[in-house]
Amino acid sequence: MILELDSIDVVYDHVIQVLKGVSLQVPRRGIVALLGGNGAGKSTTLKAISTLLQFERGEVTKGSILFDGVRVEHSTPDELVRRGCVHVMEGRRCFEHLTVEENLLTGAFTRKEGSSVIADDLELVYGYFPDLKLSRHSLAGYVSGGIQQMCAIGRGLMARPRLMLLDEPSISLAPRVVEEVFEIVQKLNHEQGVSILIAEQNINIALKYASYGYVLENGRVVLDGEANELRNNEDIREFYLGIAGEHRKSFHNVKSYRRRKRWLA
Amino acid sequence: MLDILHKIFVGPFIEMSHAPDLLVQVLWEGFVSGTLYALIALGFVLIYKASSVFNFAQGIMVVFSALTLVGLIEMGLPAWLALLMTVGVMYVLAVSVERTILLPLVNQSQSTMIMATIGLSSFLIGFGGFIFGGEPKSMPVALLGIPTGSMQFSVFNGHINIQNLDLAAAVMALVMVTTLGIFFSKTRIGRALRAVADDHQAALSVGITLKQIWVIVWFTAGIVGLTTGIFWGARSDVSFSLQIIALKALPVLILGGFTSIPGVFIGGLIIGIGEQLFEYYWGVQMGGGTQGWVAYMIALLFLWVMPQGLFGEKIIERI
Ligand SMILES: Nc1ncnc2c1ncn2[C@@H]1O[C@H](COP(=O)(O)OP(=O)(O)O)[C@@H](O)[C@H]1O
Ligand SMILES: [Mg+2]
């Protein structure tokens with residue numbers, strides 16, 4: 001396993017408990033999905049791993065996080081990037097007044113190799129994201145959402161990570177672009193051996209590319225399993241994929257009790 | 001009435017065309033103070049970019065660094081060693097600011113940060129006064145190898161007089177602004193600084209260490225302050241009243257935008273030249289001493305026409 005969370009609790013501002021006993025694992029070279037609705041605690045989980053939590057006055061109060069066999073819950077973000085864990089934050093967060101290429105180069109901040117190695121990696125990133133090469137000299141604030149998402153992932157890639165944490169890469173992108181982004185992520189996984197943990201509300205797309213998934217609700221893992229199992233799981237089908245749902249909207253209110261019971265069982 | 005209009009709109013220009021050599025002299029003097037204004041504004045810009053803090057202590061940092069340098073030389077140290085030690089002191093100051101102000105107060109509101117920098121300036125005034133005494137000191141220009149004397153050039157059948165000290169100040173300021181401009185646009189650290197300015201959380205997420213960037217920026221601002229202090233101090237003398245030159249930085253910043261290095265340079269020149277011209281050709285008729293407020297007038301006029309400043313970063317909005 002490249003990443004192991006063992007029943008972690010996360011508290012914001014010393015009092016607001018958001019995660020309760022979350023455990024999850026990401027195998028080496030695996031793609032794992034962290035699923036759940038808005039406010040379920042997906043971003044908090046990723047921030048706990050990358051330790052960005054400390055800058056939002058959040059803290060892991062219980063449990064442990066092992067990245068590559070080393071405990072990291074009291075580490076720092078730059079330390080994690082150096083060790084090979086990069087967090088691509090929700091909302092893309094490109095540096096708007098920097099060009100696309102400058103954005104990519106900031107991703108190599110922690111690296112000690114010479115500029116020729118970095119230049120090679122830049123070409124590697126352009127190889128995976130040809131669209132980035134086309135807009136390399138544009139300010140990142142002015143390119144489309146799809147390009148920004150690619151820029152954010154490419155920027156993360158420049159750190160040569162072994163694990164990437166992707167927070168809702170599909171958010172506010174057209175379905176075709178979402179597909180394109182996920183295809184590239186899969187390719188990165190296969191060819192570069194980067195392990196991936198994706199937080200997504202778009203369960204459909206996430207389970208198409210992931211091999212394993214965890215469902216988070218109110219800060220707890222309520223369900224986990226192989227991706228194909230989850231895809232066929234009745235609850236997931238009903239409540240997230242809307243396949244069985246002829247009255248999909250009303251399900252949410254009427255059947256939520258039953259759903260919870262089944263998950264807890 | 002007509003007389004007044006003539007004095008405002010016609011007289012000064014006739015005067016300029018009759019004595020072009022004098023005009024060149026006035027422009028030169030404006031240019032020199034402009035470059036120094038640009039330097040002091042540059043200190044603000046660096047810190048504002050990296051930490052969104054409006055550093056009230058910038059003016060004091062200028063005085064404090066100059067005072068340290070003069071004080072160390074007066075204690076009998078050779079000038080080069082004193083200079084080196086002053087640079088060291090500015091580094092220690094940068095690290096202390098990072099430890100005691102920035103780190104504990106990260107994520108606090110703007111006003112808390114401003115209060116903290118006001119606190120810092122009181123501390124520096126007290127500390128500087130305690131160590132080096134309160135009375136004005138004179139900058140030992142010769143010991144520092146800064147040229148003195150002056151040169152004469154003939155222009156337009158007349159001549160202008162250029163102080164070597166002024167020339168050295170202008171050259172130094174130009175070199176500093178250009179170097180920093182290139183540093184921030186082309187180097188790894190410069191990119192990281194602009195990244196922090198754009199989105200400090202995202203900067204953290206790619207492994208940029210804010211602490212390191214903050215120390216670099218405050219140290220650079222300290223060195224810029226020291227340079228300003230040396231040349232400004234050489235033109236008058238070194239005392240805490242020097243800090244009022246920080247007041248000149250505000251109109252420069254309004255003009256140039258708070259985040260642009262070329263902006264502060266152009267802004268500094270506009271203010272420096274503008275106020276010198278105004279004082280000489282208009283101000284004298286009004287009783288003189290217009291430098292105190294003309295800078296603000298110029299800045300306000302520009303602000304009217306260009307609300308984002310000359311070089312303010314475009315605020316990128318998406319729908
Ligand atoms: N900085 C914070 N301080 C306090 N509460 C927070 C903070 N960030 C998130 N939360 C709360 O934690 C819960 C989970 O948020 P988040 O992890 O962002 O969920 P998700 O990414 O699944 O939408 C939400 O109820 C949210 O209001
Ligand atoms: Mg989220």
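Chain letters run A, B, ... following the sequence lines, proteins first and then strands; every chain starts at 1.
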query = Atom OG1 of A:T76 and atom NZ of B:K211: how far apart are they, to the nearest 0.5 Å?
reply =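 Reported to 0.5 Å precision, the distance equals 7.5 Å.
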task = Measure the CG-CG distance between B:L204 and A:L80 for me, rounded to the nearest 0.5 Å.
result =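 B:L204 CG to A:L80 CG: 12.0 Å, rounded to 0.5 Å.
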Around atom [atom1] of [X], are there more than 12 heavy atoms of other residues, nucleotides or ligands at under 6.0 Å?
X: A:M1; atom1: CE; value: yes
X: B:F56; atom1: CZ; value: no
X: B:F183; atom1: CZ; value: yes
X: A:Y128; atom1: OH; value: yes
X: A:R28; atom1: CZ; value: yes

Taking all heavy atoms of [X] and all of [Y], pick out the closest pair and write down the distance.
X: A:L52; Y: B:S205; result: CD1-CB, 3.7 Å
X: B:I208; Y: A:T106; result: CD1-CB, 4.5 Å
X: B:R194; Y: A:L98; result: CB-CD1, 3.7 Å
X: A:E102; Y: B:R191; result: O-CD, 3.7 Å
X: A:R93; Y: B:A202; result: O-CB, 3.4 Å
X: A:F109; Y: B:I189; result: CE1-CD1, 4.3 Å

query = Is chain A contacted by the side chain of B:A197, its backbone, both, or neither, given a heavy-atom distance below 4.5 Å?
reply =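 The answer is neither part of B:A197.
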inquiry  = With chain B as the partner, which of A:T51, A:L105, A:V86 has the greatest number of non-hydrogen pairs under 4.5 Å?
reply    =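 Result: the option with the highest number of such pairs is A:L105.
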